[in-house]
Amino acid sequence: MTAKQISVFLENKPGSLAKFTEVLDQNKIDMHALSVADTPDFGIVRMIVDDSALTATILKEAGYVLSITPVLAVEIPNVPGGLNKVLQILKTKAINVAYTYAFTSKKVGSAYMVFRVPDNDAATKVLAEEGVKVICQKELLDL
Amino acid sequence: MSKYFQEEIECASREQIGKWQDERLVKTVHRMYDNVPYYKNLMDKKGVKPEDITSRKDLYKLPFLTKDDLREAYPYGLKAAPLEECVRIQSTSGTTGKRVVAFYTENDIDMWEKCCARAIVAAGGTKEDVVQVCYGYGLFTGGLGLHGGSHKVGSLTLPMSSGNTERQMQFMCDLEATILCCTPSYAEFLGETLEETGLLDKVKLKAGIFGAEAWTQEMRQNIEKKLGIKAYDIYGLTEIAGPGVSYECEAQNGLHINEDNFIAEIIDPETGEVLPEGSKGELVFTCITKEAFPLIRYRTKDICILNTEPCTCGRTTLRMTKPLGRSDDMLIVKGVNVFPSQIETVLLNQGYPANYQLIVTRENHMDAIEVQVEMTAEMFSDSVTEITERENAIINELKGMLGIYAKVTLVGPKTITRSEGKAKRVIDHRNLYN
């Protein structure tokens, strides 16, 4: 029950992200979710795309260093306190969140969050027990 | 007040110096052959016996020693005196992980400190002087060498060691230091900081003895003007003794080699052939009085020219020019020897390919070193924390290896300048050789 995230190393320089999106554009790669982490020297682009394997190959050929990481994608009600509920559950079980980012879909009333946790299976189980919906890659792409 | 520390040696006749050198060389070759199997092997391989060496004229027959030999023989393989006679080590960086370790007997220390004392007296030092030593104390030869020399002269010695500029300035002003010993770049930095803090008119310095890194004539003029002193160069290397192998006199026209202890040769770095007098080439030293670590024909990799003309100061010893460059890729950063191969070793140790570039800069008289490392799949992670941890592991191992902090910047793959397929490993933005 995980989604496949592609993480890509970028230099923290003007034009670096634009050069990257140009490669995506030229290859008609559609992003469902995206986040960019920054440090003084470099950035990491994290994204979820249609075809992870193909995208990875294209990016490698273009000279990028990347990794594919299974992450948790969670559907939450798009209301105040929606995210808090999920985080409270994780807190109770002392599950650390390394990073998280949000994305949306056409579906009204729902928001989506990606979580990077140490143990996806354990977190999925805990969330499911509390009635939080964890969605898999296929479900995510169908949104 | 004499202008020499040991006039009978510093101003001895050329004939006398030659006689000392011949006798002492023969003795040293025997010492090495008998006590150092590593060097005996090298001599045997070359088919040279100690009996073949009767004077300096036979010196060319002897095998060279290099930093590679020091690494090979690490730690005790080139020690020529029994442990019971050795009282100290000093150390400098090697080309890769292993450091160079040099041994000293009581006599060796005494000899080395006298060499430094000659340099201090040549810079005008007397018993009345207050000598501020801000070279690092410890394994680095700079601090303890000048410290010992200052004691021998009888000057009041301030064992400051390096760093803590505020305290350096306070002691310099309050104790009215008259002679400053440090790297030339630190002298420049001190001068500017004293000026900025309005302390410059409290400075009573008359001379500075600066070494451990290359410096230009322009830097000398800047330092002399700013601090109102005369700036003297001092040269040395741990393998041979430390600072004081050669030193400048008031003529500031070449560094007098302490020839009663060291024989200098100039060779072609490519062929190893000894070059005629006045040629530019690689400087090679043979220690002729040392007991614990008397290296023979040690290749310094410093490029310079020797001058046999008599000096106006009255000293008769051979003079060498300031090093005019290097015959290898060694850099001196903050007075510390840095080899690109050390960076390579660290990256390989950490399990990464050695795709790196070293960028050396000097801003506000302070050297800085940046290591750009190309990101690879092995180093990459989706987590900033993990990448930062890996980056810090590289920084820490580099610090251990180099002895100085190097900033690490992770750059994109294949971004390091390559010419004809070969990556350019070093970019030195400082302009250190005239």
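Computed from heavy atoms alone, side chains included, the values below leave out hydrogens, waters and symmetry copies.
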If you count the non-hydrogen atoms of other residues, nucleotides and ligands that lie under 6.0 Å from CD in B:Glu166, is the total more than 12? no

What distance separates B:Leu410 CG from A:Asn12 CG, expressed to the nearest 0.5 Å? 12.0 Å

Nearest atoms (heavy-atom pairs only) where B:Phe380 meets A:Ile44: CZ-CG2, 4.0 Å

Does the side chain of B:Ile387 come within less than 4.5 Å of A:Phe42's, by heavy atoms? yes

Tell me whether B:Lys334 at atom NZ has more than 12 heavy atoms from other residues, nucleotides or ligands lying less than 6.0 Å away. yes

Could you look at A:Val71 and say if it's the side chain, the backbone, both or neither that has a heavy atom under 4.5 Å from chain B? neither

List the atom of B:Asp382, the atom of A:Ser7, and the distance in Å for their closest heavy-atom pair. CB-OG, 2.9 Å

Does A:Lys93 NZ have over 12 foreign heavy atoms under 6.0 Å away? no

Got more than 12 heavy atoms from elsewhere within 6.0 Å of CD, B:Glu72? no

Name the option with the most non-hydrogen atom pairs under 4.5 Å to chain B; the candidates are A:Ile6, A:Thr39, A:Val8. A:Val8

Sort A:Phe9 into side chain, backbone, both or neither according to what part of it lies under 4.5 angstrom from a heavy atom of chain B. both

Counting only N and O atoms by type, is there a donor-acceptor contact under 3.5 Å from the side chain of A:Glu11 to the main-chain atoms of B:Gly412? yes

Looking at A:Gly63 and B:Pro413, what are the two nearest heavy atoms and their distance? O-CG, 3.2 Å

List the atom of A:Asp41, the atom of B:Thr409, and the distance in Å for their closest heavy-atom pair. CG-CG2, 3.7 Å

Kindly check if the number of other-residue, nucleotide or ligand heavy atoms within 6.0 Å of CD (B:Glu363) is above 12? no

So which of B:Val411, B:Thr376, B:Thr385, B:Thr388 has the biggest tally of heavy-atom pairs under 4.5 Å with chain A? B:Val411

Closest heavy-atom pair and its distance - B:Ser381, A:Ser67: C-OG, 4.4 Å

